[in-house]
Amino acid sequence: MKKNEIVTVKIEDIGTAGEGIGRAEGMTLFIKDALPGDVVTAVVMKLKKTYGYARLLEILTPSPHRVIPKCLESRRCGGCQIQALAYEEQLLFKQSLVRNHLIRIGGFPADEVQKWMQPVIGMENPYHYRNKAQFPIGTDKDGNPVAGFYAGRTHTIIPIEKCYLGVSCNEEILDILLSFMRENDIRPYDEETGRGLVRHVLIRYGFTTKEIMVCIVINGETIPGQELLVEKLSAVSGMTSISVNINRKRTNVILGDTVKTIWGSDYIIDYIGDVKYRISPHSFYQVNPVQTVKLYQTALEYAGLTGNETVWDLYCGIGTISLFLAKKARMVYGVEIVPQAVADAKNNAKMNGINNAKFFVGKAEEVLPDFYDKRTVGEEEADMLHPDVIVVDPPRKGCEESLLSTMLEMSPERIVYVSCDSATLARDLKYLRAGGYEVRSVQPVDQFCHTVHTECVVGIQRKHI
Ligand code: SAH
């Protein structure tokens, strides 16, 4: 096989980035936008020893699971990778992705994994589920400001009028911002030169309360003539908080450290189940509120609380899971690295009249081991040293080994692992198993429909010897 050769491939599988995988001439080829069941022609772009990448040319025979994506830009946009796959098939794909990681990375026997794996909990209507959108602002070829999404793996902005994952107020807000920029000659930020003002706009929407937050990320201190912009944005039905975020760094991190509220409240309120949460621009909040209830309910069920338990909730964000658990536990201790999120968590507890949750700022892998090593002997500390349940909900990179080893020393009866990356989940479960724990149940929940991302809740139990 050579570069630029045109090959015919039957697609057998999906890769972790959503690309189709098939074999030709003894080589494994990764082909973006091809789906299992498709027979395609593709041109070879890049070759390694046993595998390579090819660009899709033509679908000769479409997969029986291929559907017409709602979004016309789904191939160019980096947001959805598998919109052309029928939704039920997306769920099966996610199920097998998790299963394979547990077997290959976790080293668990296939028949055991089969016993724990629950079918993925999907959505009835898998569109318009995102309560948060971050649009980059750039310039089109005629010099007009545009908002949209980055094309897959690049920083080229595709202007997108309508995103099927987002909520409808996004379009109205983008319209107002872009017209204001055009009329007042406010320049979008240019990544190449580091010049221009408006970098991103962050929009959050409370599904239950219908409150809207807009945060405009700028490479400066203020937006010239911003009163006019505020006047227009504040007229959008549900608008609750308008702020600017100052980010003057040459970086692709979206938010800078400073947020200034320029109209309304510093935060919006939303509910998950009957717990009320306050959300600021910097705080982490699950993006799919419909599925989050199912996710947290599963976590609660796996925690097996009766009202007497001491629980640690590590990576607690604004205390979302902590407060859900606090209603059924004796005491919950949350740990989170972002100070603002911890401030929100404390406020959220107060706002819900919850007195049995305490929060600590810091890295889970430092706070917990430090605390455990000190072993102060008060009555409360004794309970904290040996909790009944530990919940973890780390970012994609999973938990540090130093944290997992302290968790083992604390020897809780149950561990609940909420994961957004099944590869690191499998790695961490392997460690916990070696330390005397067994997996009882794995429940994937489709939080990110049409993308390759998969969320899981795992119930883990201490082995009694
Ligand atoms: N459980 C929360 C948040 C989960 S997201 C919820 O469901 O809403 C992961 C959280 O971990 C984020 O809030 C992030 O700020 C935090 N985080 C990242 N690294 C961390 C670390 N090393 N220690 C503690 N928290 C961390």
Side-chain angles (χ1 to χ4, degrees), residues 130-132 204 206-208 253-255 257 267-273 275-300 302-303 311-326 329 332-349 352 354 357-372 389-407 415-422 424-425 428 443-445 447-448 453-458:
R130 281 190 68 98
N131 58 15
K132 170 183 168 186
R204 278 182 145 155
F207 270 55
T208 313
V253 174
I254 297 178
L255 293 179
D257 294 335
Y267 51 83
I268 59 167
I269 302 274
D270 199 24
Y271 285 80
I272 299 173
V275 187
K276 200 172 169 185
Y277 299 98
R278 170 181 135 165
I279 308 147
S280 316
H282 271 117
S283 4
F284 175 91
Y285 188 62
Q286 296 281 354
V287 296
N288 182 336
V290 180
Q291 294 298 86
T292 299
V293 187
K294 303 173 191 169
L295 186 77
Y296 290 177
Q297 259 152 8
T298 310
L300 185 62
Y302 290 175
V311 183
W312 281 91
D313 176 22
L314 309 177
Y315 311 88
C316 68
I318 58 170
T320 23
I321 297 180
S322 325
L323 300 184
F324 227 72
L325 299 173
V332 178
Y333 302 98
V335 181
E336 160 63 44
I337 197 170
V338 176
Q340 182 57 45
V342 171
D344 283 349
K346 289 180 178 167
N347 252 295
N348 288 334
N352 286 282
I354 293 173
K358 273 195 186 166
F359 297 94
F360 304 94
V361 181
K363 291 185 179 170
E365 63 273 21
E366 288 173 4
V367 173
L368 209 68
D370 281 0
F371 177 77
Y372 191 73
V389 182
I390 298 181
V391 178
V392 295
D393 184 4
R396 282 186 202 158
K397 68 174 189 216
C399 300
E400 301 261 324
E401 225 172 86
S402 58
L403 172 63
L404 294 173
S405 86
T406 304
M407 284 164 60
I415 296 173
V416 180
Y417 196 130
V418 182
S419 156
C420 53
D421 185 322
S422 52
T424 56
L425 167 70
D428 293 350
Q443 176 63 73
V445 178
Q447 295 272 90
F448 313 106
H453 300 294
T454 307
E455 188 91 11
C456 277
V457 192
V458 183

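Computed over heavy atoms, backbone and side chain alike; hydrogens, waters and symmetry mates excluded. From a predicted model like this one, the values you see are computed outputs, not experimental measurements. For reference, positions follow the sequence shown, starting with 1. All ligand and atom numbering here is 1-based and tracks the order in the structure.
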Donor-acceptor pair, side chain of T424 and main chain of R396, under 3.5 angstrom: yes
Option whose closest heavy atom lies nearest to atom 26 (C) of ligand 1, chosen from Y315, F284, F324, Y285: Y315
For P395, the ligand 1 atoms whose distance to one of its heavy atoms is below 4.0 Å: 18 (C), 19 (N)
Ligand 1 contact by S322, heavy-atom criterion under 4.0 angstrom: no
Options Y277, Y296, F360, ranked by nearest heavy atom to atom 7 (O) of ligand 1, top entry: Y296
Which segment of T320 sits under 4.0 Å of ligand 1 when only heavy atoms are counted: side chain
Backbone N/O of T292 and side chain of Q447: donor-acceptor pair under 3.5 Å: yes
Any A341 heavy atom less than 4.0 Å to ligand 1: no
Test item: N348 side-chain N/O and R278 main-chain N/O as donor-acceptor pair under 3.5 Å: yes
Residue and atom name of the nearest protein heavy atom (relative to atom 15 (O) of ligand 1), distance in Å to one decimal: E336 OE2, 2.7 Å
Closest protein heavy atom (residue, atom, distance) for atom 4 (C) of ligand 1: D393 OD2, 3.2 Å
Mode of V338 contact toward ligand 1 - side chain, backbone, both, neither (heavy atoms, under 4.0 Å): side chain
Close N or O approach (A364, ligand 1; < 3.5 Å): yes
Steps toward side-chain hydrogen bond (donor to acceptor under 3.5 Å, both in side chains) verdict (Y417, D428): CA-CA 9 Å; Y417 196 130; D428 293 350; 2.6 Å; yes
Side-chain (N352) to main-chain (K276) donor-acceptor, under 3.5 angstrom: yes
Region of E365 that comes within reach of ligand 1 [heavy atoms, distance under 4.0 Å]: side chain
K294 and Q297: side chain donor to acceptor below 3.5 Å: no
Side chain S283, main chain I279, donor-acceptor under 3.5 Å: no
Heavy-atom donor-acceptor pair, Y277 side chain to T320 backbone, under 3.5 Å: yes
For G362, atoms of ligand 1 separated by under 4.0 Å from a heavy atom: 23 (N), 24 (C)
Atoms of ligand 1 close to Q286 [distance to a heavy atom under 4.0 angstrom, numbered from 1]: 6 (C), 7 (O)
Atom 17 (N) of ligand 1 [closest protein heavy-atom partner, distance rounded to 0.1 Å]: I337 CG2, 3.5 Å
N/O donor-acceptor pair under 3.5 Å between S419 side chain and D421 backbone: yes
